[in-house]
Amino acid sequence: MTTPDMVPNPKYQELERLLRSLRQDAEYAERALDKPIRRMASRQVWVSGKRGAADAFERELIDQRHRLRASLRRLIQATEDALQRTPKEVTRLEATLWN
């Protein structure tokens with residue numbers, strides 16, 4: 001509950017918005033490479049001989065998906081950590097300085 005001398009912290013509010021946005025974007029981005037990887041695995045698209053360019057491309061695509069997912073998780077975790085360290089309320093002066 002906000003006391004008379006305290007107001008909602010704009011930094012906290014901004015971090016909350018960022019976290020919501022990151023989570024929404026992560027849901028989409030984490031699935032973005034699934035369809036191309038499934039198509040490559042089906043062998044109904046570009047296919048080359050064993051250890052050919054298509055196999056190398058598929059391995060790279062899978063690696064990119066793993067790295068993308070790991071990066072998104074790190075961003076979300078860092079934002080959650082920052083949010084936990086940030087007070088929900090601050091003095092009016094502190095709130096003014098943030099804006």
Side-chain angles (χ1 to χ4, degrees):
M1 183 172 171
T2 305
T3 62
D5 296 334
M6 302 296 278
V7 296
N9 185 348
K11 180 179 179 182
Y12 187 90
Q13 293 172 331
E14 183 66 25
L15 286 168
E16 282 184 316
R17 284 190 294 274
L18 175 61
L19 186 57
R20 277 193 303 275
S21 178
L22 279 171
R23 285 179 174 154
Q24 288 171 351
D25 291 347
E27 285 181 32
Y28 171 77
E30 284 190 358
R31 293 188 311 266
L33 295 177
D34 290 350
K35 188 175 181 178
I37 289 172
R38 279 194 309 273
R39 286 184 157 188
M40 289 296 294
S42 76
R43 299 296 183 232
Q44 294 177 357
V45 294
W46 174 44
V47 179
S48 62
K50 192 171 186 174
R51 302 228 185 258
D55 288 337
F57 181 80
E58 182 180 14
R59 285 190 304 274
E60 180 63 25
L61 199 57
I62 291 168
D63 182 57
Q64 290 289 330
R65 180 179 59 179
H66 290 304
R67 287 192 280 165
L68 174 63
R69 287 178 174 174
S71 294
L72 289 167
R73 288 185 189 116
R74 284 192 302 272
L75 280 170
I76 289 170
Q77 185 62 55
T79 305
E80 288 172 341
D81 292 347
L83 194 59
Q84 288 178 348
R85 291 189 307 269
T86 304
K88 289 184 180 183
E89 297 178 339
V90 292
T91 65
R92 288 189 191 282
L93 175 60
E94 290 171 313
T96 303
L97 293 174
W98 175 253
N99 291 323

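These values consider heavy atoms only, across backbone and side chains, with no hydrogens, waters or symmetry-generated copies. This chain uses plain numbering: 1 for the first residue, then up along the sequence. As the structure is a computational prediction, the values presented were derived from the model and not from experiment.
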Who pairs with R20 by side-chain contact (heavy atoms from CB on, under 4.5 Å), at least two apart in sequence or on another chain?
E16, R17
Test your reading of the model: is there a side-chain donor-acceptor pair from R31 to the backbone of E27, 3.5 Å cut-off?
yes
Contact summary for Q13 and P8, nearest pair of heavy atoms
NE2-CB, 3.4 Å
Do T91 and D5 have side chains that get closer than 4.5 Å, going by heavy atoms?
no
Shortest non-hydrogen contact from A95 to V90?
N-CG2, 3.7 Å
Might you point out which heavy atoms bring T86 and N9 nearest each other, and give the distance in Å?
CG2-ND2, 3.4 Å
Looking only at heavy atoms, the pair that brings L68 and A29 closest together is CD2-O, 3.4 Å
Could you check whether R59 pairs with D55 (Lys NZ or Arg NE/NH1/NH2 to Asp/Glu carboxylate O, under 4.0 Å)?
no
Is W98 linked to L15 within one hydrophobic cluster, defined over Ile, Leu, Val, Met, Phe, Trp and Tyr using a side-chain heavy-atom separation of less than 4.5 Å?
no
Gap between atom CG of L83 and atom NZ of K11 - 0.5 Å precision:
10.0 Å
Taking atom types as modelled, is there a side-chain donor on E60 or Q64 under 3.5 Å from an acceptor on the other?
yes
What are the two closest non-hydrogen atoms of P87 and Y12, and how far apart are they?
O-CB, 3.6 Å
Looking only at heavy atoms, which two atoms of L22 and L75 are closest? And how far apart?
CD1-O, 4.0 Å
I need the L72 CG to Q77 CD distance, nearest 0.5 Å.
13.0 Å
Would you call V7 and E89 a side-chain contact if the rule is heavy atoms closer than 4.5 Å?
no
